[in-house]
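Only one structure is covered here, and it is reproduced in the block below.
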Amino acid sequence: MESSENRFRVKVGLAEMLKGGVILDVTNADQAKIAEDAGAAAVMALERVPADIRVEGGVARMAAIEKITEIQSCVSIPVMAKIRIGHITEARMLEALEVDFIDESEVLTPADEENHVAKHGFKVPFVCGCRNLGEALRRIGEGAAMIRTKGEAGSGDIVEAVRHLRAVRRGIKTLGILDEHELMAEAKILGAPYEQVRWVAENGRLPVPNFAAGGIATPADAALCMTLGAEAVFVGSGVFKSSDPAPRAKAIVDAVTHWQDAARLVEISRGLQDAMSGLEVGKLTTEEMLSRRGW
Amino acid sequence: MRCGVLALQGDWAAHAAVLRRLGVETTMVRTAADLAGVDALVLPGGESTAMLRLMEPDNLAEKIAQRVRNGLPVLATCAGVIVLATATKPSQPSLALLDVEVERNAYGRQVHSRVAAVELTDELGEPGRIEGVFIRAPRITRTGPGVTVLGRLGEDPVLVRQGGIIAATFHPELTDDDRVHRLLVDEEVGHGR
């Protein structure tokens, strides 16, 4: 039963299992344990959280092998790891390490400024970032089994994730009102594969789970993403750059489950200390914006 | 009949879609109050550690256990089986309602996830096989005397029943074959009679 169709089904299947969950960035075993104990559905193993990548600069690459295996050995939940955009070999190495999901991520320094990895040829599933529907469908066309918004990683500012969630949603709604004769022209405008465009027009949703990432710092930010149609959230710097990582991680996990219950969100958020201080995205230059990476 | 789907984390929406396709009134369970109104319950796939953690604030684990001991029919898939098991390896808390021992992620990490044919006993009718979507699946390593095996993958029991509890280590909710869900619906109908 190992057809290419079934292979893709089990990739999307794992994304389905992560729904309603929080995927937390961690840089060592202690943080991974805190994440698992807080109720995270998965962890993202990386060398530095995005906020530190911003401050320290330099080329950001796939995490060290020892770091990934250390984290894999201390938690039972799925372990994800990031590769640079277009870095086929980092992807093959993470597959050999049996990470559960690869994030081909704009947070790392791109290895290819024109191409992303052709993801259908891998057994391991990929998640990719997007800013709008066209970008989401290009990544799905390449074989991504999960889409997330890019947001603006390491900023602690939710504004870009909101912009990207709304853009994807608006793009889907627009396809729904076009008739079949208009879809090829729309595919051309979106720069997206025609088959994917047609599928979305017929089904009114993305063909793979749609998660939010980039700038989530509070339980309210996480709940807002769910309100705007995200099916789960990634939290990067927002937890381990705050004054209270463990309770904040728990609170964000609770907020993703109870996002529709405002009274409960008040209880969940009560008593938390300072969130990460953050950077206002409106004051970043285009070159400073990680979300501009990816094509 | 009103079927609840535990909607703390995981693929609860896929279960709800199957139940609605079967014409069953379906409601999401996130709190003790939600639980009080249901006649059957689905524990979906997802991460068992996350679900158990999310049960803590309302003491939902104990409340679910009480209802199930009093006869609430349950369908558990994948992580749901781990939540119900009497023992898990590696060891973690569980509701200890289903007399099986399970080993988590026993078939390996995600690259070993697969679609495979599950051999069924006669109870589920024709065809005698069902498509099993196994995602980082647990393995049932021991079944107690009160547990009936309804489906196997090779030698491993992957679909079992104990009284009103039906448990699958795979994901029938990710296929078009709704026979496993119908077992739950029939269970509730029989129970109500």
Side-chain angles (χ1 to χ4, degrees), chain A residues 1-3 5-23 33 35-43 72 75-80 94-102 122-125 145 209 231-232 249-251 253-254 256-261 264 267-268, chain B residues 6-15 28-31 33-34 44-58 60 77-80 82 88-92 103-105 108-118 129 131-138 170-171 173-175:
Chain A
M1 285 195 174
E2 175 59 15
S3 63
E5 190 198 336
N6 281 341
R7 181 191 273 205
F8 192 63
R9 280 172 72 199
V10 297
K11 290 179 181 178
V12 175
L14 180 56
E16 293 284 337
M17 297 313 139
L18 297 172
K19 282 185 177 177
V22 175
I23 300 143
K33 264 328 268 182
E36 185 170 58
D37 292 345
V43 292
Q72 280 177 317
V75 293
S76 64
I77 53 179
V79 175
M80 304 188 177
L94 289 185
E95 183 176 50
L97 272 174
E98 300 195 352
V99 304
D100 295 293
F101 237 104
I102 293 177
F122 288 76
K123 281 201 81 153
V124 58
E231 295 172 300
K250 265 189 160 176
V253 167
D254 284 322
V256 168
T257 296
H258 299 287
W259 61 272
Q260 297 170 94
D261 185 343
R264 185 116 182 195
E267 286 315 308
I268 288 167
Chain B
L6 188 69
L8 298 175
Q9 191 275 320
D11 74 334
W12 48 266
H15 278 285
M28 302 313 137
V29 173
R30 295 185 181 89
T31 63
D34 296 337
E47 285 305 315
S48 59
T49 52
M51 287 182 212
L52 288 163
R53 203 329 251 129
L54 282 157
M55 285 181 194
E56 284 169 12
D58 273 16
L60 208 49
T77 63
C78 197
I82 301 167
T88 63
K89 188 184 159 192
S91 170
Q92 68 180 41
E103 185 184 348
R104 293 189 59 197
N105 305 328
R109 298 180 190 276
Q110 173 63 13
V111 292
H112 304 288
S113 292
R114 64 194 174 120
V115 179
V118 171
R129 293 177 140 201
E131 191 178 45
V133 181
F134 291 87
I135 313 263
R136 285 170 42 94
F170 57 98
H171 294 282
E173 73 277 16
L174 299 182
T175 69

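All values derive from a computational prediction rather than experimental measurement. Lettering follows sequence order; numbering is per chain, from 1.
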Using every non-hydrogen atom in the two residues, find where [X] and [Y] come nearest and quote the distance to one decimal.
X	Y	value
B:Gln9	B:Glu47	OE1-N, 2.9 Å
A:Gly39	B:Ala50	O-CB, 3.2 Å
A:Ile268	A:Ala251	CG2-O, 3.2 Å

Contact part of [X] toward chain B, heavy-atom cut-off under 4.5 Å: side chain, backbone, both or neither?
X	value
A:Asp37	backbone
A:Ala40	backbone
A:Glu5	neither
A:Ala38	backbone

Answer yes or no: is there a donor N or O on one side and an acceptor on the other, between the side chain of [X] and the main chain of [Y], under 3.5 Å?
X	Y	result
A:Glu36	A:Ser76	yes
B:Asp11	A:Met17	no
A:Glu98	B:Gly108	no
B:Arg109	A:Asp100	no

Per-residue contact mode, [X] against chain A (heavy atom under 4.5 angstrom):
X	value
B:Thr31	side chain
B:Arg114	backbone
B:Val111	both
B:Leu8	both
B:Ala13	neither
B:Arg104	side chain

*Determine, stepwise, if the pair A:Asp254 / B:Arg30 fulfils salt bridge (charged side-chain N to carboxylate O under 4.0 Å, His left out).*
CA-CA 11 Å; A:Asp254 284 322; B:Arg30 295 185 181 89; over 6 Å; no
*Just checking, is any N or O donor in the side chain of B:Gln92 or B:Thr49 under 3.5 Å from an acceptor N or O on the other one?*
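No.
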*Find the one option among A:Glu231, A:Glu95, A:Lys250 whose heavy-atom pairs under 4.5 Å with chain B are most numerous.*
A:Lys250
_Max heavy-atom pair count under 4.5 Å with chain B, selected residue of A:Glu267, A:Glu16, A:Arg9, A:Lys123_ =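 If we count pairs closer than 4.5 Å to chain B, A:Arg9 comes out on top.
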_For chain A, the option from B:Gln110, B:His112, B:Glu56, B:His171 that forms the most heavy-atom pairs under 4.5 Å_ =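 Of the options given, most contacts go to B:Gln110.
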